[in-house]
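None of the values given here were measured: they were computed from a predicted structure.
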Amino acid sequence: MKFSKKSRYGVAALIDLALHGGGAHVSLGSIAERNQISPQYLEQVFASLRRAGIVRSVKGSQGGYLLNRAASDITVADIVHALEGSYHLEPELQARDGSLSDISRTIQEDVVDRVNDGLDRILKNLTLAELERDCLDRETEGQDMYYI
């Protein structure tokens, strides 16, 4: 599995939307500018997120995007699935008769299945709200330092 640029941009843009939205819509241009992402590319990303029901758009000159449900109800698995489809490692190739050799079955069960289970545990339990909170924590970490 590779965490693609599309997924990275999607997660980053949704963290930004959660941070700056506050229940109101945010323009795609401002999200793109703050995160140094091409607005045209970000529009494609948001089209996929909109189709998946993660965001909704507000039309018009003052339009933009807002989260379609609470950040605590959106998981990283939801986001990656909306942008990439499956994030799992591909299964081992079966023989023509549909069977797996002992070696292939070992690889499937001991490597592929375990990696996929680990991905599920992490991505399905990590919410946008947690990412937003962690980002806010990182922003405030260095703000209390005073220099003379």
Side-chain angles (χ1 to χ4, degrees), residues 1-94 100 104-148:
M1 185 219 154
K2 180 179 178 186
F3 197 52
S4 73
K5 202 171 261 194
K6 186 176 186 180
S7 290
R8 288 175 191 270
Y9 286 169
V11 172
L14 288 175
I15 293 170
D16 185 281
L17 183 58
L19 287 168
H20 296 97
H25 60 276
V26 178
S27 76
L28 198 65
S30 64
I31 295 171
E33 185 177 320
R34 279 190 296 270
N35 294 280
Q36 300 164 350
I37 303 170
S38 158
Q40 294 81 8
Y41 189 71
L42 200 54
E43 182 60 51
Q44 294 173 18
V45 169
F46 268 72
S48 296
L49 295 171
R50 190 176 61 245
R51 280 191 298 276
I54 295 173
V55 298
R56 67 175 187 236
S57 61
V58 176
K59 305 279 187 209
S61 61
Q62 298 299 314
Y65 286 89
L66 57 135
L67 296 176
N68 200 34
R69 53 189 201 257
S72 60
D73 294 334
I74 300 170
T75 67
V76 175
D78 295 332
I79 299 165
V80 175
H81 190 267
L83 297 172
E84 304 291 341
S86 177
Y87 53 81
H88 288 136
L89 296 180
E90 297 286 327
E92 278 294 293
L93 295 176
Q94 298 178 345
L100 287 175
S104 292
R105 200 169 107 229
T106 300
I107 293 169
Q108 178 65 44
E109 293 174 5
D110 293 352
V111 178
V112 175
D113 290 348
R114 290 169 86 179
V115 167
N116 288 339
D117 290 345
L119 283 171
D120 281 340
R121 260 192 322 278
I122 294 167
L123 300 182
K124 288 182 176 181
N125 290 299
L126 184 58
T127 67
L128 183 57
E130 291 173 88
L131 296 175
E132 176 188 14
R133 185 187 64 240
D134 290 348
C135 187
L136 284 171
D137 289 347
R138 285 182 178 91
E139 283 180 359
T140 59
E141 277 177 358
Q143 292 181 359
D144 294 337
M145 292 187 176
Y146 298 97
Y147 296 95
I148 300 176

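Side-chain contact between Glu139 and Cys135: present, with at least one pair of heavy atoms (C-beta onward) separated by less than 4.5 Å. Using a 4.5 Å heavy-atom cutoff, the side chains of Ile79 and Ile74 are in contact. A heavy-atom distance below 4.5 Å is not found between the side chains of Val26 and Tyr65.
Of the inter-residue distances, the one linking Lys6 atom NZ with Tyr9 atom OH reads 13.0 Å to the nearest 0.5 angstrom. Residue Ile31 holds its CD1 atom at 8.5 Å from CD1 of Ile37, rounded to the nearest 0.5 Å. One distance of note links CD of Gln108 with CG of Leu89; it measures 9.0 Å at 0.5 Å rounding. With rounding to the nearest 0.5 Å, the separation of CZ in Arg138 from CZ in Arg133 is 10.5 Å. The CG atom of Leu83 sits 11.0 Å away from atom CD of Gln44, with the distance rounded to the nearest 0.5 Å. In this structure, CD1 on Ile15 lies 6.5 Å from CG on Leu128, to the nearest 0.5 angstrom.
With sequence neighbours excluded, the residues forming a side chain to side chain contact (heavy atoms under 4.5 Å, CB included) with Ser104 are Glu92, Leu100, Ser101, listed by chain and number. Not counting sequence neighbours, Ser57 has no partner by the side-chain hydrogen bond (donor to acceptor under 3.5 Å, both in side chains) test. With sequence neighbours excluded, the residues forming a side chain to side chain contact (heavy atoms under 4.5 Å, CB included) with Leu126 are Val76, Glu130, Leu131, listed by chain and number. The side chain to side chain contact (heavy atoms under 4.5 Å, CB included) search around Ala77 returns Thr75, Tyr87, Leu123, Lys124, not counting sequence neighbours. Taking the salt bridge (Lys or Arg N to Asp or Glu O under 4.0 Å) definition, one finds that Arg121 meets it with nothing, sequence neighbours left out.
For the salt bridge (Lys or Arg N to Asp or Glu O under 4.0 Å) condition, the pairs that include at least one residue of residues 9-37, sequence neighbours left out, are Asp16-Arg34.
When all heavy atoms of Glu90 and Val112 are compared, the pair lying nearest together is O-CG1, 3.6 Å. The two residues Leu28 and Pro39 make their nearest non-hydrogen contact at CD2-O, 4.0 Å. Listed here is the closest heavy atom pair of Ile54 and Ala82: CD1-CB, 3.9 Å. Nearest heavy atom pair, residue Leu66 against residue His25, reads CD2-CB, 3.6 Å. Ser86 approaches His88 most closely through the heavy-atom pair OG-N, 3.1 Å.
Around the CZ atom of Arg69, the shell of radius 6.0 Å holds more than 12 heavy atoms that belong to other residues, nucleotides or ligands.
Partner Leu49 forms a side-chain contact (heavy atoms from CB on, under 4.5 Å) with one of Leu67, Asn68, Leu14, Leu17 and no other, that one being Leu14.
No donor-acceptor pair under 3.5 Å is formed between the side chain of Asn35 and the backbone N or O of Ala13. In this structure, Arg8 contributes its side chain and Phe3 its backbone to a donor-acceptor pair below 3.5 Å. Under the 3.5 Å distance criterion, the side-chain polar atoms of Ser30 are matched with a main-chain donor or acceptor of Ser27.
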Run the numbers on Arg105 and Asp113 for salt bridge (Lys or Arg N to Asp or Glu O under 4.0 Å), then give the verdict.
-> CA-CA 10 Å; Arg105 200 169 107 229; Asp113 290 348; over 6 Å; no
